[in-house]
Amino acid sequence: MNIFDKFQPLAQTRQAMAEKAGAFFNIVMEEVLSATEAVIDGRRVILAGSNNYLGLSFNRQCIEAACVAAREAGTGTTGSRMANGTLSGHVALERELSDFFGRSSTIVFSTGYIANLAMLSTVVGPGEVILLDADCHASIYDGCRLGSAEVIRFRHNDPGDLEKRLRRLQKRETNVLIVVEGLYSMLGDRAPLVEIAALKAQYGACLLVDEAHSLGVIGENGRGLAEEAGVEGEVDFVVGTFSKSLGTIGGFCTSSHPELDLIRYASRPYVFTASTAPSVIASTREALGVIRSQPELRHRLWEGAERLYQRLEEEGFRLGPEPSPVIAARFDDVDRAFAIWNGLLERGVYVNMVLPPATPDGGALLRCSLNAEHTRSQIDRIGDAYASLKHLA
Ligand code: PMP
């Protein structure tokens, strides 16, 4: 028996899909021209499938800060945060994130995925319970698997289902960590955080909110959904990533529990991987400054998002429940979604195609993500491209 035999079903599925999907499995960004345009297969396309919500990956100051840091501190740390991988920039960024969120402690991790692995595998342990929104990101599920707490899922965005489970758990007198996201990445819908925070307080649980898609995007100051919902005081742990609105790579957890610092010593995903490069830390610090000083980027992002959501709704696409910078068109039929995805690419628009099992309802999603740098004319070109393909939906 060959070690790869078990991959045969996967290979067959991939082959069957490749016949319908055209370029899908071979997308290479041959050139990235800006936060909104790239060259794919020799064709200039509008990038409407990245998480670069504020367009900061091409911000001049962020790039400059990265260049200076690379010259001064080298291309990488080549070590764990626990060993030689904590540079003064890492510590400064942790301080700046604490200040931004009004919290006492922050840990910077190498990616958002690692931040979730670290938190969920460490902060709760044997005999304790994680109550998880069923649509949470894979990194949250993987963190649960790495740890040893019991994991119970509740129905997506359903506080009634959450309460039922909290009530049952009361008898067990154990610690419970509720885990939700702010803005959900698949359909762009918000968590009902006011209700969830009230249940957390009522049942004496802890609450972790992954604000990966809401940092810099939601809230008067860009602190995410907890800020917008006015419940930051009930959120014990905010997890986030640098790979979306901050335009770099890395992750963090911030909290007002001073014990957060102990996670550094107890968490394998913190200890056993190299820390983020100095250039990345430097541009992230600069980007955080931009989030603070340029709220107009956030406003521009929402203007565009509402414009495109309305257009696609008028064209008859079945969308996520509310306008957001993630605008997902939903399809029961994967073949139709592939046909539209191909058509969009031919018309110079790149969006993300999401296939089961990554989708919430077993269908396919064409997930269009906007950023603050998309011009009105680009947004209208995206809308026109969808409109010209609606007969295939
Ligand atoms: N959490 C959520 C909700 C995400 O969507 C993602 C990335 N898609 C992550 C965490 C992981 O972030 P990173 O890309 O920094 O690993």
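Both ligands and their constituent atoms are indexed starting at 1 by order of listing. Quantities reported herein were computed from a predicted structural model and do not represent experimental measurements.
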Any protein N/O atoms within less than 3.5 Å of an N/O atom in ligand 1? List the atom names and distances, or say none.
| from | atom 1 | to | atom 2 | distance (Å) |
| --- | --- | --- | --- | --- |
| ligand 1 | 1 (N) | Asp210 | OD2 | 2.6 |
| ligand 1 | 5 (O) | His213 | NE2 | 2.7 |
| ligand 1 | 8 (N) | His137 | NE2 | 3.4 |
| ligand 1 | 8 (N) | Lys244 | NZ | 2.9 |
| ligand 1 | 14 (O) | Ser243 | OG | 3.0 |
| ligand 1 | 15 (O) | Gly112 | N | 2.7 |
| ligand 1 | 15 (O) | Thr241 | OG1 | 2.6 |
| ligand 1 | 15 (O) | Ser243 | OG | 3.3 |
| ligand 1 | 16 (O) | Gly112 | N | 3.4 |
| ligand 1 | 16 (O) | Tyr113 | N | 2.9 |

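Within the structure, the ring-ring contact (aromatic ring centres under 6.0 Å, His included) test picks out the following pairs touching residues 75-134 (sequence neighbours left out): Phe101-Phe252, Phe109-Tyr270. Note on residues 277-326: pairs passing ring-ring contact (aromatic ring centres under 6.0 Å, His included), not counting sequence neighbours, are Phe317-Tyr386.
Aromatic pair Tyr184/His156: centroids less than 6.0 angstrom apart.
Within a 6.0 Å radius of CZ in Arg311, other residues, nucleotides and ligands contribute more than 12 heavy atoms.
With sequence neighbours excluded, the residues satisfying ring pair (Phe, Tyr, Trp, His ring centres under 6.0 Å) with Phe338 are Phe24.
Using a 4.0 Å cut-off between a side-chain N of Lys or Arg and a carboxylate O of Asp or Glu, Arg376 and Asp380 do not qualify as a salt bridge.
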